Amino acid sequence: MNYFNILSDIVEDSLKALGKAGTLPPGLEHRGVTLEPPRDPKHGDVATNAALVLAGAAGMKPRAIAEPLAVLLRVHPDVASAEVAGPGFINLTMRSGFWHARVAEAIAAGADYGRSALGKRRGAVNVEYVSANPTGPMHVGHARGAVFGDALASLLVFSGHAVTREYYINDAGAQVDVLARSAYLRYREALGEAVGDIPEGLYPGEYLKPVGAALAQEFGTRWAALPEAEWLPTFRDRAIDAMMALIREDLGFMGVRHDVFVSERGLVADGKVEAVLAQLNAAALVYEGTLEPPKGKEPDDWEPREQTLFRATLFGDEVDRPLRKSDGSWTYFASDMAYHADKIRRGFKTLINVWGADHGGYVKRMEAAVKALSAETVSLDVKLCQLVKLMRRGEPVKMSKRAGTFVTLREVVDEVGKDVVRFIMLTRRNDAALDFDFAVVTEESRENPVFYVQYAHARCSSVLRTAGAEGSGRDLTAATLAKADLSRLTHPDELALMKTIAAWPRTVEAAALAHEPHRIAFYLRDLASSFHALWSRGKEEDGLRFIISGDEPLTLARMAMVKGCATALAVGLNIIGVAPVEELR
RNA sequence: GCGCCCGUAGCUCAGUGGAUAGAGUAUUGGCCUCCGAAGCCAAGGGUCGCAGGUUCGAAUCCUGCCGGGCGCGCCA
């Protein structure tokens, strides 16, 4: 459990007691009272601003509240000290027994350590991610969104949310017709025709050759002499299916999976777009009108044109948005509205979309759409992932589709492994650009966070293996270690490690609430660092080694601490989809 | 021109309205007979882009500038 909740209860009880005693005015609201770890550990384990926040409403000086509150807090058996500091903070330091209890909880919980019911009352969540166009294999640019979305979904599941992982297949635009024509060319090629260079405007990739070959195998020359209108639907369907199979395979190599795949073409075919238009019409949110040209950057071929427009400006967007192209077909936005209406219909209360940063200009209109379609009962959070710059020893990797130096996701995973790709993608906030240097991420040093964290877990496993070796007579199962007497663990470095282990549940909760899976990666690096530090202290002071021959109670206590550390590391790594290995190489 | 994102140590970046703003890297100097040195410890390094405002308190919230990225009606 998140120990801040325990501490929060202690403070809350003390405040109530002060109210009863008449020290504080009756009916005082305790809003805004927070408990936070102080930046400087010298200020204790946790600080509360209670006195500062309540001073105004109570009509008292902060210290006049802080002093009696601190007196009460000191009475609690888990509190070692409660000091009033600065303008009226109360710094609490907990007794070591408090931390021992947290470690025991971690071991007992095992793979569920930090799991919470945070999302139980927050309704179903839909996380849509990747949604790469089905026109070819995934490239590295897609990897970041894939990892981010997958880790975020896992994080939310772990926090008690009902989560659906979803992929939106953009299979309705002109691009899939281009795909069909490209596949048709490969089909004729497979029939023995010399097609020469792939014409401008078609997809030149080799990956369409097997698609053409399969079609030739199945249909022979049946389509070869027919006009495009005859073969296009079939070729389009077959090519899209083949591309989606390719994409799912690529995702599989990274351990990324989705529960639901929604086809844009399917939505259109089912009349979902018309349905949404009817819904908007009924609410008077659609009209025929003419847009102003964008100021300062007027397209050369601008002509005023009457269009079907959605009143996005009523919901915070800058301009109203067109739903129909001039040829009468739907805009991408129209089908996207239908798609989001469908998500809302399916009962999701929170929608999370993971997009590339180049879609930033699209966010406001989608937010407006979701507000309009759900009567503002559903929240949409769009997470934009910035670009990944591929590097090799500090030099940018040149990429060009034409020159054939385009880097696919598959190539990167093959070269460095899925664990590395996944971890590195989470070592930056999603909205900051990320450098991915092949040389660094395959290096085995502290500079490579994947290695550093996995090494810590391997070291934990190694110690436990050594201590529990045959003939040692030690029982190091989780059940036993969870009951171990940890009272001998009082060294500052040991306490530091145990406090970091104890911080895990709060870290997961905060990351889930903020929709920020990168916080898991940063926590893991901190925890690994704390463990490596303690390990090395054992080299300087024999008394700090984990295995102390001749002192079984102490050794057992230390094994429990190591087990707690390994538990937190493994749980965190599992959430972001990286394997917690038992040994390296 | 407008909108969104970013601006924190030489470099790459963390930072839930709290106290003296952190980590890695680079630089300098230490630590292996001993549970994995693939590691650890220490030192130096900052007008948190600039200027106002809100607040008991601002890197964090608001406004205006400056600099960088992305986007801006029939592409998806």
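A quick note: this is a predicted structure, and the numbers were derived from the prediction, not measured. Numbered from 1 within each chain, the chains take letters A, B, ... in sequence-line order.
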Inter-nucleotide C1' distance (B:rC62, B:rA21), Å rounded: 22 Å

Looking at side-chain heavy atoms only, is the closest gap between A:L476 and A:K563 below 4.5 Å? no

Counting N and O atoms only, with roles assigned by atom type, does the side chain of A:E509 sit under 3.5 Å from a partner on the main chain of A:R506, one being a donor and the other an acceptor? no

By nearest atom, which of the nucleotides B:rC5, B:rC40, B:rA76 is closest to the A:E264 side chain? B:rA76

When you compare B:rG18 with B:rA59, how far apart are their C1' atoms, in angstrom units rounded to a whole number? 12 Å

Watson-Crick or G-U pairs under 3.5 Å in RNA chain B, rendered as dot-bracket with [ ] for crossing pairs and | for another strand: (((((((..((((....[...)))).(((((.......))))).....(((((..]....))))))))))))....

For A:R321 and B:rG3, is the shortest distance between a side-chain N/O and OP1 or OP2 below 4.0 Å? no

Tell me whether the rings of A:Y455 and A:H532 are parallel (<30°), tilted (30 to 60°) or perpendicular (>60°). tilted

5′-ward residue of the pair A:L544/A:F89 relative to RNA chain B: A:F89

Please determine if a side-chain N or O atom of A:R429 lies less than 4.0 Å away from the OP1 or OP2 oxygen of B:rG15. yes

For B:rC34 and B:rA23, measure between their P atoms and round to the nearest Å. 31 Å

Sticking with atom P, work out how far B:rG15 lies from B:rA42, rounded to a whole angstrom. 24 Å

Expected output: side-chain A:N133 to main-chain A:T135 donor-acceptor under 3.5 Å: no

Integer angstrom distance from the C1' of B:rG44 to that of B:rG30: 15 Å

Say we look at B:rA26 and B:rU63: how far apart would their P atoms be, to the nearest angstrom? 41 Å

Name the nucleic acid region contacted by A:H359, choosing base, sugar-phosphate or nothing; use a 4.0 angstrom heavy-atom cut-off, strictly under. base

Any A:Y332 side-chain nitrogen or oxygen under 4.0 Å from OP1 or OP2 of B:rG73: no

Heteroatom pairs (N/O) under 3.5 angstrom, protein to nucleotides 53-61 of chain B:
none

Within the pair A:K389 and B:rU12, is there a side-chain N or O less than 4.0 Å away from OP1 or OP2? no

Could you please name the option among B:rA37, B:rA19, B:rA14 that lies closest to any side-chain atom of A:A47? B:rA19

Answer yes or no: does a side-chain N or O of A:K364 lie under 4.0 Å from OP1 or OP2 of B:rC4? yes

A:D542 CG - B:rU33 P separation (whole Å): 12 Å

Heavy atoms under 4.0 Å, any strand shown: does A:N49 hit a base, just sugar-phosphate, or nothing? base

Whole-Å distance separating the CG atom of A:N430 from the C1' atom of B:rC4: 14 Å

pi-stack flag for A:H43 and B:rA19, centroid dist under 5.5 Å, interplanar under 30°: yes

Rounding to an integer number of angstrom, what distance separates B:rU27 and B:rG64 when you compare their P atoms? 44 Å

Charged N to carboxylate O under 4.0 angstrom, A:D327 versus A:K325? no

Find which nucleotide of RNA chain B each of A:R519 and A:R537 is nearest to by heavy atoms, and output the residue with the more 5' nucleotide. A:R519

Phosphate oxygens OP1/OP2 of B:rG24: is one of them under 4.0 Å from a side-chain N or O of A:H532? no

